[in-house]
Amino acid sequence: MEEREDKRIRRTKKLLRQALTRLMQQKDFQSITVTDVVREADINRGTFYAHYRDVYDLREKIESEMIADFRGMIDDIHLNGGGSLHPVLMRAVDYLEENREIVTTLLRVSGAEGFSKKLIHVIEECRMESVPCRGVEDVYVARFIATGVVGMLERWVAESQPLPKNELIALMEHILSPMLQPVRG
């Protein structure tokens with residue numbers, strides 16, 4: 001019974017996520033109501049409120065889940081000895097491709113503390129954790145890397161005919177490899 005309930009909850013959350021994505025593609029996020037979301041998802045309000053306070057909470061939880069997924073991918077670099085970027089970039093690009101619709105929408109709707117800023121922060125933070133900070137230069141390099149990576153991924157996700165995955169990954173590896181070393185003073 002417990003596993004069945006978990007499946008139902010996952011299904012409900014997926015329906016709500018899809019509904020919010022469709023609505024954000026149609027109109028401004030600020031004008032989306034709980035009523036809009038539950039109609040679009042074809043569930044009742046009580047079910048919505050069992051999981052979320054409001055549409056802002058729904059969006060925040062979707063973003064947080066995706067950011068946690070990205071952090072996990074980046075953390076794999078540390079666990080695997082920080083060797084090749086290829087596996088983590090491949091996983092990140094696959095993840096973006098699988099979630100293209102919601103990612104594109106979240107990036108477009110992004111506010112002051114929006115999805116792209118959260119992605120930048122995670123990448124920057126992971127860079128600082130992986131390379132001992134030796135000075136102000138390392139902080140700026142971390143921001144530069146994080147902003148560049150997110151910018152490339154934003155463009156790739158938004159393009160109607162994006163660069164093939166393998167070409168994007170090769171380009172990112174080529175650009176990032178020399179930058180992942182600590183700045184020498």
Going by the rule salt bridge (charged side-chain N to carboxylate O under 4.0 Å, His left out), which residues pair with Glu97 if we only count those two or more places apart in sequence or in a different chain?
Lys165
Verdict with reasoning, Met66 to Leu106, per side-chain contact (heavy atoms from CB on, under 4.5 Å)
CA-CA 11 Å; Met66 296 181 90; Leu106 288 173; 3.8 Å; yes
Can you give me the closest heavy-atom contact between Ile62 and Leu20, atom names plus distance?
CD1-CD2, 4.0 Å
Show which side-chain atoms of residues 141-159 pair as donor or acceptor with protein atoms under 3.5 Å away, not counting sequence neighbours.
unit_1: Arg143; atom_1: NE; unit_2: Glu124; atom_2: OE1; d: 3.2
unit_1: Arg143; atom_1: NE; unit_2: Glu124; atom_2: OE2; d: 3.1
unit_1: Arg143; atom_1: NH2; unit_2: Glu124; atom_2: OE1; d: 3.0
unit_1: Thr147; atom_1: OG1; unit_2: Arg143; atom_2: O; d: 2.8
unit_1: Arg155; atom_1: NE; unit_2: Glu159; atom_2: OE2; d: 2.8
unit_1: Trp156; atom_1: NE1; unit_2: Leu163; atom_2: O; d: 2.7

Do Glu60 and Ser64 get their side chains close enough for a donor-acceptor pair, meaning under 3.5 Å?
yes
Counting only N and O atoms by type, is there a donor-acceptor contact under 3.5 Å from the side chain of Asp36 to the main-chain atoms of Thr33?
yes
With a cut-off of 3.5 Å and sequence neighbours excluded, list every side-chain donor-acceptor pair involving residues 11-19.
unit_1: Thr12; atom_1: OG1; unit_2: Arg8; atom_2: O; d: 2.9
unit_1: Arg17; atom_1: NH1; unit_2: Glu65; atom_2: OE2; d: 3.2
unit_1: Arg17; atom_1: NH2; unit_2: Asn99; atom_2: OD1; d: 3.1

Not counting sequence neighbours, which residues clear ring-ring contact (aromatic ring centres under 6.0 Å, His included) with Tyr56? List them please.
Phe29
Contacts of Arg53 that satisfy salt bridge (charged side-chain N to carboxylate O under 4.0 Å, His left out) - sequence neighbours left out
Asp57
Non-neighbouring partners of Tyr140 that pass side chain to side chain donor-acceptor pair (under 3.5 Å), sequence neighbours left out:
none
Closest heavy-atom pair, Ile67 versus Phe115, reported as atoms and distance to 0.1 Å, is CD1-CE1, 3.8 Å
Going by side chain to side chain donor-acceptor pair (under 3.5 Å), name the residues that satisfy it together with Asp28, two or more places apart in sequence or in a different chain.
none
So, using side chain to side chain donor-acceptor pair (under 3.5 Å) as the criterion, who are the partners of Asp69 when residues are at least two apart?
Tyr95
Give, for atom CG of Leu107 and atom CG of Leu119, the distance between the pair rounded to the nearest 0.5 Å.
7.0 Å
Could you tell me whether the side chain of Val122 reaches within less than 4.5 Å of the side chain of Lys118, counting heavy atoms only?
no
Residues that Glu98 engages under side chain to side chain contact (heavy atoms under 4.5 Å, CB included), provided they are two or more places apart
Asp94
Between Tyr49 and Val34, is there a side-chain heavy-atom distance shorter than 4.5 Å?
yes
Salt bridge (charged side-chain N to carboxylate O under 4.0 Å, His left out) against Arg100, all qualifying residues, sequence neighbours excluded
none
Taking only residues two or more places apart in sequence or in another chain, which ones pass side chain to side chain donor-acceptor pair (under 3.5 Å) with His51?
none
